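Here the structure is a predicted model, which is why all the values come from computation and not from measurement. The chain is numbered in sequence order, starting from 1.
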Amino acid sequence: MSEAARETGGELGTADIQTLLELLPHRYPFLMVDRIVEIDGDESCIGIKNVTANEPQFMGHFPDMPVFPGVLLIEGMAQTAGAICCRHIRTDELRTKQVFFMTIDKCKFRKPVTPGDQVRFYMKKTNQRRTMWWFRGEARVDGTLVAEAEIGAMLVTE
């Protein structure tokens, strides 16, 4: 049992790619999360992005030394957090129509991410007011911190 499950005393949820496609409006090549392996309600989650050499951003960033763009790491964090928000409020009567990025604060890039890396997005909710949500996120490769940020999003349900 993971640390998060022990803390909450319960089982953690997951979301495969099909579930993510139902929850998020993003599609390839802009879907930046492949799976969410741990979901603790709307409080926290861990998403995964498998970085591959055939992704279109590597044609120009940078051809001789491919580096995954930092802004896409932040987008992956936002999509991971957005998916658990949408999952949490999803009911038969209420479904999220859009998720909009509102804020990015305290963003830092620590190490480059390259093809072959598996990025894990560790997202923890810090606040929520109605349809607005704020998260603290870390992106890690093999346990090493590669990026971090505080992000805010708004869900549109009408």
Interatomic spacing from [atom1] in [X] to [atom2] in [Y] - rounded to 0.5 Å:
X	Y	atom1	atom2	value
Asp16	Asp34	CG	CG	11.0 Å
Met132	Thr103	CE	OG1	10.5 Å
Leu145	Lys111	CG	NZ	9.5 Å
Glu38	Thr14	CD	OG1	10.0 Å
Arg130	Met154	CZ	CE	12.0 Å
Ile39	Arg87	CD1	CZ	4.0 Å

Non-hydrogen atoms of [X] and [Y] that approach each other most closely:
X	Y	value
Ile36	Cys45	CG2-CB, 3.9 Å
Ala83	Leu24	N-CD2, 3.8 Å
Asn50	Ile48	OD1-CG2, 4.0 Å
Phe58	Ala53	CD1-O, 3.8 Å
Ala149	Ile104	CB-CG2, 4.4 Å

[X] vs [Y] side-chain heavy atoms within contact, under 4.5 Å:
X	Y	value
Lys49	Thr80	no
Ile84	Trp133	no
Leu31	Leu21	yes
Phe30	Leu72	yes
Cys85	Val99	no
Phe68	Gln57	yes
Trp134	Met102	yes
Thr131	Phe100	no

May I ask you to list the residues sharing a hydrophobic cluster with Met59, side-chain cutoff 4.5 Å, ordered by chain and number?
->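 In the cluster with Met59 there is nothing else; it is isolated.
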
Which residue, Lys106, Arg136, Lys108, Lys124, forms the salt bridge (charged side-chain N to carboxylate O under 4.0 Å, His left out) with Glu148?
->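 For Glu148, the salt bridge (charged side-chain N to carboxylate O under 4.0 Å, His left out) check succeeds only for Arg136.
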
Are [Y] and [X] linked, directly or through intermediate hydrophobic residues, by side-chain heavy-atom contacts shorter than 4.5 Å (ILVMFWY only)?
X	Y	value
Val146	Val37	no
Val67	Met77	no
Val33	Ile74	yes
Phe121	Ile46	no
Leu73	Leu20	yes

Output yes when a side-chain donor or acceptor of Asp117 lies under 3.5 Å from a complementary backbone atom of Val119, and no otherwise.
->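 Flag not set: sc Asp117 to bb Val119 has no pair under 3.5 Å.
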
Around atom CG of Asp142, are there more than 12 heavy atoms of other residues, nucleotides or ligands at under 6.0 Å?
->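 At most 12 heavy atoms, drawn from other residues, nucleotides or ligands, come within 6.0 Å of this atom.
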
Inspect the surroundings of CZ in Arg27 and state if more than 12 heavy atoms from other residues, nucleotides or ligands are less than 6.0 Å away.
->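 Yes, enclosed.
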
Have Gln79 and Glu75 got a donor and an acceptor in their side chains that come within less than 3.5 Å?
->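 Yes, side-chain donor-acceptor contact under 3.5 Å.
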
In chain order, what residues pass the salt bridge (Lys or Arg N to Asp or Glu O under 4.0 Å) check against Glu138, with sequence neighbours excluded?
->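 Only Arg140 meet the salt bridge (Lys or Arg N to Asp or Glu O under 4.0 Å) criterion with Glu138.
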
